[in-house]
Amino acid sequence: MKGKIIKGIAGFYYVDTGESGVYECKAKGIFRKDKRKPLVGDDVEIEILEEEEKEGNLTALLPRKNELIRPAVANIDQALVIFALEDPRPNIALLDRFLVMMEQQEIPAAVCFNKGDLVTPEEAQAYEKVYQDCGYPVFLCSAAREEGIEELKEYLKGRTTVVAGPSGVGKSSLTNLFQDGVCMETGEISRKLKRGKHTTRHSQLIALESGTWLCDTPGFTSLYTENMEKEELRQYFPEFHPMEGNCRFQGCVHVKEPGCAVKEALEEGRIHRSRYENYVMFYEELKEQEKRRY
Ligand SMILES: Nc1nc2c(ncn2[C@@H]2O[C@H](COP(=O)(O)OP(=O)(O)O)[C@@H](O)[C@H]2O)c(=O)[nH]1
Ligand SMILES: [Mg+2]
Ligand SMILES: [Zn+2]
């Protein structure tokens, strides 16, 4: 039978087969042999050992579309980065870090600003404009007033989306609204999943409807840049792309060089100052990291 790994805890993989429900599976030796570790998000084949107890074995890992390192999940189509407009106010540096992280992993990202009910429309639109101008889809919403939810559902439909954002911004409230009141966690699933609930916190997939998955990753709140060169960073700011090659110096990193087309765009208001300032901040951080490596 085919299914998808929705959670992995201490050697057990929870495989959602759709119609037939969730099975608690172990991975057999075949995976250890070829050193492939099953990940949340993997499409797999299982054999059923115990129908009553919903127990099975993983027998095959189907080909992966991609594999994220942070968080460690497979087959992600896109990311939704959620922040609140107020309570807490957006931490723009953190938001830009998430976007850089997704750019580096080549995952298309969208930005969602929740708690629209707590700010004026003008404030909300100012944030919207910054990220729209960078080419990201932006969703303004209010979980409290159930506004902007249909547009978000449309974005999620038929895809697997990794959700990121600090705590308190309304991720759980929004997820509940996406679920249409149809509680996907039937008694059987939650009984099995609860067993691991009080151990470490893991990524898991939540089914919204057939073929629509949300990847919930607790603690996914900081940027890891171990594998990033400072010269690479500029690629991950999509609004810099049109200026690439227009600077006086080849290989310009848009920080202190004269004749820089990115800084010119900044002065002319074609690049947003907060984004550029965060770029410089991240660049300096990477430079410091590099120094420490030698
Ligand atoms: N005013 C307002 N409060 C909200 C909204 N969405 C969530 N909240 C509240 O913000 C708090 C944190 O929400 P929660 O969904 O738990 O955030 P999470 O930590 O990101 O999962 C709760 O008290 C929610 O009731 C919203 O759109 N407007
Ligand atoms: Mg939550
Ligand atoms: Zn430049």
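Indexing begins at 1, ligand by ligand and atom by atom, following the structure's order.
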### Query
Out of Asn114, Asp117, Val169, who gets a non-hydrogen atom closest to atom 1 (N) of ligand 1?
Asp117
### Query
Out of Ser173, Gly116, Gly168, whose heavy atom is nearest to atom 19 (O) of ligand 1?
Gly168
For [X], counting its heavy atoms only, list the atoms of ligand 1 lying under 4.0 Å from any of them.
X      : answer
Ala143 : 6 (N), 26 (C), 27 (O)
Ser172 : 15 (O), 18 (P), 21 (O)
Ser167 : 19 (O)
Leu118 : 1 (N)

### Query
How are the rings of Tyr14 and Phe12 set to each other: parallel, tilted or perpendicular (split at 30° and 60°)?
tilted
### Query
In terms of ring plane angle, is the pair Tyr136 and Tyr131 parallel, tilted or perpendicular, where the classes change at 30° and 60°?
tilted
### Task
Please assess Glu47 against Asn57 for the test side chain to side chain donor-acceptor pair (under 3.5 Å), listing each intermediate value before the final yes or no.
CA-CA 5 Å; Glu47 65 183 11; Asn57 264 331; 3.3 Å; yes
### Message
Which residue and atom name correspond to the protein heavy atom nearest atom 3 (N) of ligand 1, and how close is it?
### Response
Lys115 CD, 3.9 Å
### Query
Near the Mg ion (ligand 2), is there an N/O/S atom from Ser173 that is less than 2.8 Å away?
no
### Between Tyr236 and Phe282, ring centroids under 6.0 Å
no
### Query
Where does Ile82 meet ligand 1, judged by heavy-atom distances below 4.0 Å: at the side chain, the backbone, both, or neither?
neither
### Query
N/O of Gly170 under 3.5 Å from N/O of ligand 1, yes or no?
yes
### Query
Is at least one protein non-hydrogen atom found at under 4.0 angstrom from atom 26 (C) of ligand 1?
yes
#### Entry: Residues, nucleotides or ligands: over 12 heavy atoms within 6.0 Å of Glu146 CD
no
### Message
If you define the side chain from C-beta out and look only at heavy atoms, does anything of Lys4 sit under 4.5 Å from Thr17?
### Response
no
### Query
How wide is the angle at the Zn ion (ligand 3) between SG in Cys247 and SG in Cys252, to the nearest 10°?
110°
### Message
For the metal site, I want the angle between atom SG of Cys260 and atom ND1 of His254 with the Zn ion (ligand 3) at the apex, to 10°.
### Response
110°
### Message
Exactly one of Glu51, Glu50, Glu53 should register a side-chain hydrogen bond (donor to acceptor under 3.5 Å, both in side chains) with Tyr23. Which one does?
### Response
Glu51
### Query
After noting the C-alpha distance and the side-chain angles of Ile82 and Leu174, does the key distance pass the side chain to side chain contact (heavy atoms under 4.5 Å, CB included) rule?
CA-CA 10 Å; Ile82 305 179; Leu174 287 169; 4.0 Å; yes
### Message
Arg275 vs Glu239, test: salt bridge (charged side-chain N to carboxylate O under 4.0 Å, His left out). Steps then yes/no.
### Response
CA-CA 9 Å; Arg275 290 276 296 169; Glu239 70 270 41; 2.7 Å; yes
